[in-house]
Visitor: 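If you scroll down you'll find the structure; I have some questions about it.
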Amino acid sequence: TFPLPRQGASPAQAEEIVIANVERVVMARGFKPRGHLQNKQQTFIFQTRNNLMKTKLLTIISISLLFTGMSFGAPKKGTMKDSRDGQTYKTVKIGNQVWMAENLNYKMSSGSYHAFDEEFYEWKSALNACPSGWHLPSAEEFETLIANTGGHELGGKNLKSITSWLSGGEGVDAFGFNGMGRGLTDNGGETVLNYRIAAFFWSNTDVDKEMAVNLLLTTDDEVSLRVSPKYGAFTVRCLKNSGNGEEETVSPRKVSSSLD
């Protein structure tokens, strides 16, 4: 068990108590810690040979931190309203980034397809799908999200929703991102692939005329960036523009094909 910080403890004191107890349990069970709580949020990175125990311990740590009431580490949640159609979306601040905590559901005039009560977007359509004040994230911005939620090894577990995945592939949704396993649509929206097995989120970064970068979640704990054909219809998570009051560019950003 993880003893809770005493009532009235400062955030810094509470953090130290939780870190010490997490490390004590990890070390007692023969695991080698590889990091600390990142950005004062709910992820503790460690290395273990037993993947099943790793998943169980990660879940225990996430739940334990939620019950400590340490508001300094809790994601800042909110809502935003899309003025184009009046839909309201949940939002969450992770690190210095503010993300939609739901998939975008705005119907474009072309290149978007409706399934599971939300829209799936071809890459060209996704570039301009986000509402004013928000934008389709770049690959670099996705990398920042990954770094803030546990890294490539365990970030998938933290970003995935608790439901909407096949049994055994669920996440712990430690940061409120609520990544759901919606898969993708193909053949003009007529075919649904990888439902409850994967989540694909477009970035605004492309490699060439045919391929662009997307963030990929699967039933494993990992999260990665992959290169996919632009004609695939994926889900979209919009990122709030930086606080300068200016619109972010949606021009495609180029990367090398090394991600392929």
Side-chain angles (χ1 to χ4, degrees), residues 82 87 89-92 97 99-131 134-146 149 152 155-156 159-161 163-166 169 171 173 177-220 222-240 248 250-255 257 259-260:
D82 189 341
Q87 290 193 73
Y89 296 90
K90 297 177 182 178
T91 64
V92 62
Q97 297 177 319
W99 292 87
M100 283 187 176
E102 301 177 74
N103 294 341
L104 185 66
N105 190 32
Y106 179 73
K107 179 67 176 177
M108 300 290 285
S109 58
S110 63
S112 71
Y113 311 98
H114 196 74
F116 309 118
D117 296 322
E118 60 190 47
E119 290 294 311
F120 292 73
Y121 303 83
E122 295 177 0
W123 184 76
K124 289 184 178 179
S125 178
L127 282 176
N128 296 298
C130 292
W134 298 73
H135 65 278
L136 190 69
S138 67
E140 292 83 0
E141 288 169 325
F142 270 137
E143 285 286 8
T144 298
L145 174 67
I146 293 170
T149 54
H152 288 270
L159 288 169
K160 287 188 297 182
S161 60
T163 61
S164 84
W165 295 86
L166 290 180
D173 196 23
F177 186 80
N178 194 38
M180 297 184 292
R182 295 306 198 201
L184 68 143
T185 62
D186 203 353
N187 299 324
E190 295 181 0
T191 304
V192 178
L193 303 172
N194 296 318
Y195 179 62
R196 299 185 68 197
I197 296 174
F200 304 82
F201 300 99
W202 276 128
S203 79
N204 70 8
T205 305
D206 68 346
V207 174
D208 53 35
K209 292 182 180 181
E210 304 295 331
M211 310 290 284
V213 178
N214 66 276
L215 182 140
L216 173 65
L217 299 173
T218 69
T219 52
D220 294 329
E222 295 82 2
V223 57
S224 60
L225 296 183
R226 290 289 185 264
V227 173
S228 302
K230 293 179 179 179
Y231 59 77
F234 297 170
T235 49
V236 162
R237 284 297 179 95
C238 300
L239 178 63
K240 190 173 183 180
E248 295 279 348
V250 293
S251 300
R253 302 186 184 186
K254 294 286 186 180
V255 296
S257 60
L259 289 171
D260 196 359

Visitor: Holding to ring pair (Phe, Tyr, Trp, His ring centres under 6.0 Å), I want the full list of residues that pass it with Tyr195, two or more places apart in sequence or in another chain.
Guide: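 Result, ring pair (Phe, Tyr, Trp, His ring centres under 6.0 Å) vs Tyr195: Phe116.
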Visitor: To the nearest 0.5 Å, how far apart are CG in Leu239 and SG in Cys130?
Guide: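 Spacing of CG (Leu239) from SG (Cys130) equals 8.5 Å.
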Visitor: Residues two or more places apart in sequence or in another chain: which of them pass ring pair (Phe, Tyr, Trp, His ring centres under 6.0 Å) with Tyr121?
Guide: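 Scan of Tyr121 (ring pair (Phe, Tyr, Trp, His ring centres under 6.0 Å), adjacent residues dropped) gives none.
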Visitor: What distance separates Asn214 CG from Ser203 OG, expressed to the nearest 0.5 Å?
Guide: 7.5 Å
Visitor: How far apart are the closest heavy atoms of Leu104 and Pro131, and which atoms are they?
Guide: CD1-CD, 4.3 Å
Visitor: If you count every heavy atom of other residues, nucleotides or ligands that lies below 6.0 Å from Lys107 atom NZ, does the total exceed 12?
Guide: yes
Visitor: Between Asn204 and Ser138, does any side-chain donor sit less than 3.5 Å from a side-chain acceptor?
Guide: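 On atom types as modelled, these side chains do not qualify, holding no pair under 3.5 Å.
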Visitor: List for me each residue that meets ring pair (Phe, Tyr, Trp, His ring centres under 6.0 Å) alongside Phe200, sequence neighbours excluded, and say none if there are none.
Guide: Phe234
Visitor: Just to verify, what does Ala212 make a side-chain contact (heavy atoms from CB on, under 4.5 Å) with, not counting sequence neighbours?
Guide: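 side-chain contact (heavy atoms from CB on, under 4.5 Å) check on Ala212 returns Trp123, Trp202, Asp206, Lys230.
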Visitor: Under the salt bridge (charged side-chain N to carboxylate O under 4.0 Å, His left out) test, which residues partner Asp173, sequence neighbours left out?
Guide: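 Per chain and number, Asp173 pairs via salt bridge (charged side-chain N to carboxylate O under 4.0 Å, His left out) with no residue.
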Visitor: Hey, does Glu210 have a side-chain heavy atom less than 4.5 Å from the side chain of Pro229?
Guide: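 They are not in contact (no side-chain heavy atoms under 4.5 Å apart), so the answer is no.
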Visitor: Scan for salt bridge (Lys or Arg N to Asp or Glu O under 4.0 Å) pairs involving residues 187-198, sequence neighbours excluded, and state none if there are none.
Guide: none
Visitor: Of all residues at least two apart in sequence or in a different chain, which pass the side chain to side chain donor-acceptor pair (under 3.5 Å) check with Tyr106?
Guide: none
Visitor: Among residues at least two apart in sequence or on other chains, which ones pass side chain to side chain donor-acceptor pair (under 3.5 Å) with Asn105?
Guide: Gln87
Visitor: With the side chain counted from C-beta on, respond yes when Val192 and Asp186 share a heavy-atom pair under 4.5 Å apart, and no when they do not.
Guide: no
Visitor: Can you tell me how far OH of Tyr231 sits from OG of Ser228, rounded to the nearest 0.5 angstrom?
Guide: 9.5 Å
Visitor: For Glu118, give me all partners under salt bridge (charged side-chain N to carboxylate O under 4.0 Å, His left out), at least two apart in sequence or on another chain.
Guide: Arg182
Visitor: So which heavy atom on Ala115 is nearest to which on Thr185, and how close?
Guide: CB-CG2, 4.3 Å
Visitor: Is it the case that the side chain of Thr218 and the backbone of Ala198 share a donor-acceptor pair, with hydrogens and angles ignored and the cut-off at 3.5 Å?
Guide: no
Visitor: What's the shortest heavy-atom distance between Ile146 and His152, and which atoms?
Guide: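 So the two residues come closest at CG2-N, 3.6 Å.
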Visitor: Do Leu136 and Val236 have side chains that approach each other closer than 4.5 Å (heavy atoms only, starting at C-beta)?
Guide: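 In contact.
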Visitor: Return the minimal non-hydrogen interatomic distance between Gly183 and Phe120, and the atom names on each side.
Guide: O-CE2, 3.6 Å
Visitor: Do you know which two heavy atoms are closest between Gly111 and Ser125, and how far apart they sit?
Guide: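 Reported closest heavy-atom pair: O-CB, 3.4 Å.
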Visitor: If you take the centroid of each ring, where Trp contributes its six-membered ring, are Trp134 and Tyr89 closer together than 6.0 Å?
Guide: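 For Tyr89 and Trp134, the ring centres are not under 6.0 Å apart.
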Visitor: State, with a plain yes or no, whether a side-chain heavy atom of Leu159 is found less than 4.5 Å away from one of Leu145.
Guide: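 Touching, per the 4.5 Å side-chain cut-off.
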Visitor: Between Ile197 and Leu166, is there a side-chain heavy-atom distance shorter than 4.5 Å?
Guide: yes
Visitor: Testing Lys160, Glu222, Met180 for side chain to side chain contact (heavy atoms under 4.5 Å, CB included) with Leu217, which one passes?
Guide: Lys160
Visitor: Just verifying a value: how many Å separate Glu122 CD and Leu184 CG, rounded to the nearest 0.5 Å?
Guide: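 If we round to the nearest 0.5 Å, Glu122:CD and Leu184:CG are 11.5 Å apart.
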Visitor: In chain order, what residues pass the side chain to side chain donor-acceptor pair (under 3.5 Å) check against Thr191, with sequence neighbours excluded?
Guide: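 Thr191: side chain to side chain donor-acceptor pair (under 3.5 Å) contacts with Asn187.
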Visitor: Minimum heavy-atom separation for Phe142 to Pro137, with atom names?
Guide: CZ-CG, 3.5 Å
Visitor: Nearest 0.5 angstrom please: Phe201 CZ to Thr235 OG1, how far?
Guide: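 Those atoms lie 4.5 Å apart.
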Visitor: Residues in side-chain contact (heavy atoms from CB on, under 4.5 Å) with Thr144, at least two apart?
Guide: Gln97, Asn148
Visitor: Identify, with sequence neighbours excluded, every residue that meets side chain to side chain donor-acceptor pair (under 3.5 Å) alongside Ser112.
Guide: Glu119
